[in-house]
Amino acid sequence: MSNDLKKLILDDSIYKTRFTKKFELRKPYQPENKNEIRAFIPGIIRDIFVKPGDKVQKGDKLLVLEAMKMKNRIFSPSSGKVKKVFVKSDQKVAKNDLLIELDIEE
Amino acid sequence: MSFASRIMDFFTKKTKVQQVEIAAKEKQEKMGKLSARERIEAILDPGTFHEYDLFVQHQAEDFGMDKKELPRDGVFTGTGKILGFPVCIYAQDFSVAGGSLGLAHARKITKIMDHAMNLGLPLIGINDSGGARIQEGVNSLAGYGEIFYRNTRASGVIPQISVILGPCAGGAVYSPALTDFVFVVDKISKMFITGPEVIKTVLGEEISMEDLGGARVQAEISGNAHFYAESEQECFEQIKKLVTYIPWNNRKKADPFPPKPPKPEKNISNVLPKDNTEPYDVRDIIEAIADDSEFLEVQKYWAANIVIGFIRMNGETVGVVANQPLVMAGVLDVDSSDKAARFIRFCDSFNIPLLTLVDLPGYLPGVDQEHSGVIRHGAKVLYAYSEATVLKMTVILRKAYGGGYIAMCSRHLGADFVFAWPTAEIAVMGPEGAANIIFKKEIESAPNPEDMRKQKVQEYTEKFANPYKAAAAGYIDAVITPEETREYIIHAMQIGSNKHVENPKKKHGIPPF
């Protein structure tokens with residue numbers, strides 16, 4: 001924890017205070033982008049069922065991400081078109097890596 | 001066999017087990033650690049350690065275990081005294097099969113735990129173990145399970161202290177996690193469920209053992225540890241100090257000490273800054289009212305926006321919970337709520353009166369807080385205070401806004417004594433925020449909105465940012481000066497020493513864990 005006094009605004013009052021390490025390390029909130037299919041867990045891509053330009057329905061199988069000895073099937077969250085595929089079969093991916101970009105119908 | 005030869009035979013057998021201690025000491029020293037015996041002897045009063053189960057041997061036969069003799073099966077157990085207070089103690093011996101836990105090892109531990117429960121004595125466990133003894137298979141897991149079961153049964157009956165002086169990984173971490181106080185030492189303690197190797201293979205993340213689960217991490221980031229020390233010796237001093245503040249078991253009170261006044265240099269009159277948005281260290285107030293100005297702080301580095309620990313007042317142990325304006329303006333958040341709630345429950349279980357010092361602007365806003373469940377975590381504080389039947393004393397020093405006012409042991413949660421300093425501001429929110437809401441239209445339509453805003457803030461401050469509305473409602477018992485605080489609390493403790501309140505009969509409540 002740093003000993004410097006920072007400013008914390010609560011109910012329009014500005015308090016001079018130190019920040020905890022956790023508060024300083026917190027990640028700003030990012031709203032979810034439904035067009036992006038990201039790895040929810042690090043692992044290895046086993047199968048890819050779609051290619052760019054394919055039309056997909058909500059619930060269609062997109063790919064298989066193997067992690068923790070479990071083959072996780074990743075489904076399309078909405079109907080739309082596959083814009084880009086960023087991974088190949090047997091590729092290792094880290095958590096939050098972008099796997100597929102969709103063009104979702106509103 | 002003659003009498004003399006039987007005695008000789010006994011000494012031969014005993015020496016055989018004990019002679020490995022010399023090698024053990026060397027092995028541990030190379031790793032920068034003390035041996036199990038050195039640790040026990042450093043914690044206990046000289047000459048008071050009585051060892052049990054010296055001759056216990058394992059019954060395992062698989063994987064060549066039948067040919068392996070493990071002295072003490074890798075763990076010392078026994079009884080002794082700390083500054084005259086009796087305790088049960090065990091210490092894992094890393095030099096014997098890596099301190100690995102087999103069934104006999106576990107049964108030695110559960111036996112001393114049962115002993116502690118039956119005799120109503122604190123239990124101290126020194127952890128230094130590579131983990132499960134894999135050769136013993138499920139029997140090793142059974143051993144852990146039997147320890148966890150007893151940790152849970154003993155919770156709230158006898159104080160349980162865990163000292164992590166080496167690795168404590170995998171399932172083994174759950175025994176300390178179930179106990180009341182966890183002590184860690186820099187560069188020696190390592191705690192984690194899955195180690196850096198597994199994390200690397202499974203998740204591809206690289207991290208050192210120290211950064212993952214070292215002493216500092218457990219003391220500052222995870223909150224698993226309660227006391228952090230730079231050396232084993234410092235750690236032992238902390239344990240000895242703690243033991244003097246707490247009772248032997250839940251049927252007793254902590255032993256009183258000779259009363260001492262606070263140190264004269266600790267002046268309570270000039271701690272509060274003039275401006276209520278300026279920080280100060282609430283520990284200065286705690287030390288200004290405590291006997292000999294001595295404060296044993298618990299979880300000093302984690303969730304530092306709330307301060308918890310033990311003091312004595314007029315010789316009697318008191319558990320203190322205080323908002324810390326110096327850190328995060330003293331807000332309640334996920335971690336500080338967890339920290340306070342657990343401490344409150346410890347004090348309540350062990351008949352330690354609670355003193356709450358209030359100065360907080362409310363709860364911490366933020367998406368991360370809401371998504372981490374600040375609602376259910378914050379609820380733990382309400383639950384713990386409402387459930388506690390020990391003497392509850394509250395002093396409102398400065399801000400007590402909104403939900404924070406209610407949560408910090410208000411009259412409404414069953415506080416026995418609520419005092420407020422003349423500097424107290426008991427209101428739904430701070431004057432700035434309140435004025436901006438209540439007088440929104442007047443401010444916006446004024447020819448000079450900023451002047452109008454200032455005027456309305458001033459108006460609100462004069463009307464509500466004080467203790468007198470709450471005093472008029474009878475929610476506080478007395479407005480007292482900072483200088484009167486110690487005397488009022490000591491009086492409250494004397495008046496309240498026979499408090500007896502029982503919760504409704506039930507199997508147990510369902511706290512928002």
Side-chain angles (χ1 to χ4, degrees), chain A residues 1-34 36-46 63-72 74 86-99, chain B residues 198-205 216-217 220-223 273 275-281 300-305 324-331 333-336 360-372 399 401-402 404 427-437 453 457:
Chain A
M1 193 172 63
S2 147
N3 284 347
D4 303 339
L5 291 182
K6 312 270 172 54
K7 283 177 184 168
L8 184 66
I9 303 171
L10 297 165
D11 291 333
D12 306 330
S13 290
I14 304 164
Y15 296 99
K16 276 171 240 147
T17 191
R18 291 178 191 164
F19 285 168
T20 56
K21 207 168 182 177
K22 223 177 211 173
F23 187 75
E24 280 178 336
L25 293 175
R26 84 196 185 286
K27 288 190 185 122
Y29 175 68
Q30 294 268 338
E32 188 189 9
N33 182 345
K34 289 217 167 122
E36 294 176 348
I37 307 295
R38 291 178 178 272
F40 70 97
I41 191 170
I44 298 168
I45 302 299
R46 287 305 182 200
L63 48 80
V64 171
L65 167 61
E66 187 178 323
M68 298 289 290
K69 304 184 184 81
M70 186 67 74
K71 290 193 172 79
N72 300 284
I74 312 292
F86 293 87
V87 286
K88 292 189 188 101
S89 257
D90 297 327
Q91 185 180 329
K92 263 194 174 179
V93 293
K95 191 178 167 173
N96 277 329
D97 274 3
L98 185 56
L99 310 177
Chain B
V198 180
I199 291 178
K200 197 181 163 189
T201 4
V202 178
L203 306 175
E205 297 168 351
R216 193 74 205 184
V217 169
E220 188 176 352
I221 307 288
S222 70
D275 186 336
N276 81 346
T277 59
E278 290 282 336
Y280 62 93
D281 193 337
K300 194 173 184 174
Y301 305 102
W302 180 60
N305 37 332
Q324 172 60 291
L326 187 60
V327 181
M328 303 297 295
V331 291
D333 58 10
V334 166
D335 286 347
S336 68
L360 85 165
Y363 291 83
L364 180 64
V367 178
D368 60 323
Q369 283 294 310
E370 298 295 340
H371 288 188
S372 325
K399 294 181 297 294
Y401 294 161
V428 173
M429 55 166 50
E432 299 272 340
N436 286 346
I437 293 168
R453 208 184 62 81
V457 168

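Sequence lines set the chain letters: A, B, ... in the order given, protein chains first and strands last, and positions in each chain run from 1.
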#### Entry: Interchain contact, B:D333 with chain A, by part (heavy-atom threshold 4.5 Å)
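Contact with chain A: none, neither part.
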
### Task
Using non-hydrogen atoms and a 4.5 Å limit, figure out which bit of A:L8 sits close to chain B: side chain, backbone, both or neither.
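The side chain, not the backbone.
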
### Query
Which region of A:K95, side chain (C-beta onward) or backbone (N, CA, C, O), has a non-hydrogen atom less than 4.5 Å from a non-hydrogen atom of chain B, or is it both or neither?
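Neither part.
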
### Task
Look up atom NZ in A:K92 and atom CD1 in A:I44, then write down how far apart they are to the nearest 0.5 Å.
6.0 Å

### Query
Can A:R18 and A:D4 be counted as an ion pair, charged N to O under 4.0 angstrom?
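Judged by the 4.0 Å cut-off on N to carboxylate O distance, A:R18 and A:D4 do not form a salt bridge.
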
### Message
I'd like to know if B:E432 pairs up with B:R453 as an ion pair, taking the criterion as any Lys NZ or Arg NE/NH1/NH2 lying under 4.0 Å from an Asp or Glu carboxylate oxygen.
### Response
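Looking at B:R453 together with B:E432, the answer is yes, because their closest N to O distance falls below 4.0 Å.
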
### Query
Among B:V331, B:D335, B:L364, which residue meets the side chain to side chain contact (heavy atoms under 4.5 Å, CB included) test with B:Q369?
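Only match with B:Q369 under side chain to side chain contact (heavy atoms under 4.5 Å, CB included): B:L364.
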
